[in-house]
Amino acid sequence: VTVTPYDRDGDGAGTSSSAIITVNSSNTSPVISNLTITPDSPSTLDDLQATWTFFDEDMDSPDQCSLEWFRDVLREPAYDNLETLPSSATVKSQLWNVRVSCSDGELFSETATSSNVIISDTAPTIVTASLSPNTPTSSEDVTLAWEGEDADNDPVSGVSVQWFKDGLEVASLANLTTISSSETNRGEVWSASVQGQAAGVTGNATVTSGVTILNSLPSVSNLGIGPL
């Protein structure tokens with residue numbers, strides 16, 4: 001910059017000088033919105049996923065985000081900064097939420113807090129179901145055997161059994177685990193479905209493989225030896 005003084009008698013000698021001018025920038029803090037946990041009605045087998053919307057008025061990209069997970073109001077620091085909380089961390093009836101704050105590289109947003117989600121019970125499953133004997137005859141009873149499991153370690157009980165003959169339900173045999181040979185005839189195909197229940201929650205039905213009723217061996221009665 002050159003400065004030249006002036007008065008009524010004429011110009012003076014110019015003097016040069018330099019200066020640094022700094023233009024201040026005003027960075028705006030980013031904003032976190034729409035913070036949610038999905039699914040919103042999780043069971044004990046579901047991972048919890050935190051999602052949110054990042055907005056920055058200065059068009060800055062998110063530099064880093066801080067996440068904190070809370071179980072029943074208590075922070076669980078072992079899961080800090082995880083966007084996905086594993087199902088192994090949760091137990092039925094627990095209440096969970098997450099808090100998130102993000103930086104644009106200079107400033108952090110205000111902390112956003114999600115709504116709470118409650119972990120619900122997982123329905124039990126029937127892992128095996130079978131009929132015995134595998135090749136019954138018309139003189140043998142047919143018995144259903146099954147085994148269930150529950151992710152919440154609740155005891156599993158059979159709540160519903162349906163029997164099917166040639167694909168059609170036999171309603172009179174509902175909830176029996178053994179059907180009498182008097183109900184079966186040669187050539188019929190029988191199967192059964194069973195649902196498990198644990199802590200008041202009913203699982204999906206599992207259907208056995210079918211068994212075909214075979215002919216019974218003939219029997220001999222009143223055998224005797226008489227005079228020729």
Side-chain angles (χ1 to χ4, degrees), residues 36-50 69 71-72 76 78-79 82-97 115-217:
T36 58
I37 295 175
T38 54
D40 55 6
S41 297
S43 72
T44 46
L45 294 181
D46 292 320
D47 296 337
L48 303 184
Q49 179 71 43
W69 290 91
R71 174 186 56 83
D72 298 330
E76 293 288 349
Y79 306 112
L82 293 183
E83 294 184 24
T84 301
L85 183 75
S87 61
S88 59
T90 68
V91 175
K92 69 175 181 177
S93 300
Q94 290 177 341
L95 183 147
W96 284 84
N97 66 20
S115 298
N116 298 322
V117 296
I118 299 176
I119 308 301
S120 62
D121 200 348
T122 298
T125 57
I126 302 298
V127 292
T128 60
S130 60
L131 300 179
S132 62
N134 293 327
T135 54
T137 67
S138 57
S139 62
E140 294 178 298
D141 297 341
V142 178
T143 298
L144 167 68
W146 59 270
E147 181 180 344
E149 66 180 16
D150 183 75
D152 307 296
N153 297 317
D154 296 320
V156 181
S157 60
V159 66
S160 175
V161 176
Q162 296 172 294
W163 288 92
F164 298 87
K165 179 178 68 175
D166 296 332
L168 299 177
E169 181 184 359
V170 183
S172 60
L173 303 179
N175 298 324
L176 296 180
T177 55
T178 298
I179 58 173
S180 170
S181 61
S182 63
E183 300 286 346
T184 66
N185 291 291
R186 180 183 63 181
E188 295 172 345
V189 177
W190 284 81
S191 61
S193 75
V194 59
Q195 291 174 281
Q197 185 182 58
V201 179
T202 301
N204 294 326
T206 296
V207 180
T208 68
S209 298
V211 295
T212 301
I213 307 301
L214 303 179
N215 190 31
S216 297
L217 294 175

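FYI, the numbering just counts along the sequence from 1.
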Minimum heavy-atom separation for [X] to [Y], with atom names?
X    : Y    : result
V156 : E149 : CG2-C, 3.8 Å
S120 : S41  : OG-O, 4.4 Å
I213 : N185 : CB-O, 3.2 Å
A198 : P124 : N-CG, 3.7 Å
A89  : W96  : O-CZ2, 3.6 Å
D47  : P39  : O-CD, 3.5 Å

Indicate yes or no for a side-chain donor-acceptor contact from [X] to the backbone of [Y] under 3.5 Å, with no hydrogens or angles considered.
X    : Y    : value
T122 : S43  : no
D166 : E188 : no
Q197 : S157 : no

Do any side-chain atoms of residues 127-137 form donor-acceptor pairs under 3.5 angstrom with protein atoms, and if so which ones, sequence neighbours left out?
unit_1 : atom_1 : unit_2 : atom_2 : d
T137   : OG1    : S139   : N      : 3.4
T137   : OG1    : S139   : OG     : 3.0
T137   : OG1    : E140   : OE1    : 3.4

Query raised in the report: Can you find a pair of side-chain heavy atoms, one from W146 and one from T208, that are under 4.5 Å apart?
Result: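 Heavy-atom side-chain distance check fails, nothing below 4.5 Å.
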Report task. State, yes or no, whether a side-chain contact exists between W69 and I37 at a heavy-atom distance under 4.5 Å. Result -> yes
Report summary line: The residue among D152, L48, D46, L45 that forms side chain to side chain contact (heavy atoms under 4.5 Å, CB included) with I119 is L48
First locate atom [atom1] of [X], then atom [atom2] of [Y], and finally report the distance between them rounded to the nearest 0.5 Å.
X    : Y    : atom1 : atom2 : answer
T212 : R186 : OG1   : CZ    : 13.0 Å
T90  : I118 : OG1   : CD1   : 13.0 Å
N97  : N116 : CG    : CG    : 4.5 Å
W190 : E183 : CH2   : CD    : 6.0 Å

Query raised in the report: How about N204: does its CG atom have over 12 heavy atoms from other parts shown lying under 6.0 Å from it?
Result: no
**Report entry** Where at least one partner belongs to residues 120-132, residue pairs that pass salt bridge (Lys or Arg N to Asp or Glu O under 4.0 Å), sequence neighbours excluded
**Finding:**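 Residue pairs with at least one partner in residues 120-132: K92-D121.
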Requested in this report: Please assess W163 against V142 for the test side-chain contact (heavy atoms from CB on, under 4.5 Å), listing each intermediate value before the final yes or no.
Outcome: CA-CA 11 Å; W163 288 92; V142 178; 4.2 Å; yes
Please tabulate, one pair per line, all N/O donor-acceptor pairs under 3.5 Å involving side-chain atoms of residues 167-179, not counting sequence neighbours.
unit_1 : atom_1 : unit_2 : atom_2 : d
E169   : OE2    : Q162   : NE2    : 3.3
N175   : OD1    : V161   : N      : 3.0
T178   : OG1    : T143   : OG1    : 3.2

